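Everything below concerns the one structure shown next.
Worth knowing before you read on, the calculation uses all heavy atoms, side chains too, and leaves out hydrogens, waters and symmetry mates. Just so we're clear, the structure is a prediction, and the values are computed from it rather than from any experiment.
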Amino acid sequence: MNTRLTSPEAECGHDRHHFRFHLPHRHLTSVFGNDWFALKAEAFARFFGTPIFLVGRTLIVADWIILNVLEITHFDFIPSSC
């Protein structure tokens, strides 16, 4: 009895395209539109999830904390009562 559900070609992905699940949604456009500003806005929005942005933001916050702890500078903009 043959218990294989797919052909060997299908297991390797030779007979089906790897974007086959995207085809029903191919008619949808970009979230921001297709004009120049929309494409720049989408690129800008996608940048916020990149490792470069996340590591850079983490380094800025770490520097802020270190400078405040060492009292080199004071970044707290709320006036103290003392």
Would you say that more than 12 heavy atoms from the other residues, nucleotides or ligands in this model lie under 6.0 Å from the CG of Leu70, or not? yes

More than 12 heavy atoms of other groups within 6.0 Å of Phe44 CZ: no

Donor-acceptor pairs are to be reported for all side-chain atoms of residues 55-62 against protein atoms at under 3.5 Å, with residues two or more places apart or in another chain.
| residue | atom | partner | partner atom | Å |
| --- | --- | --- | --- | --- |
| Thr58 | OG1 | Leu54 | O | 2.7 |

Side chain to side chain contact (heavy atoms under 4.5 Å, CB included) partner of Val69, the single match among Ile65, Ile72, Leu67: Ile65

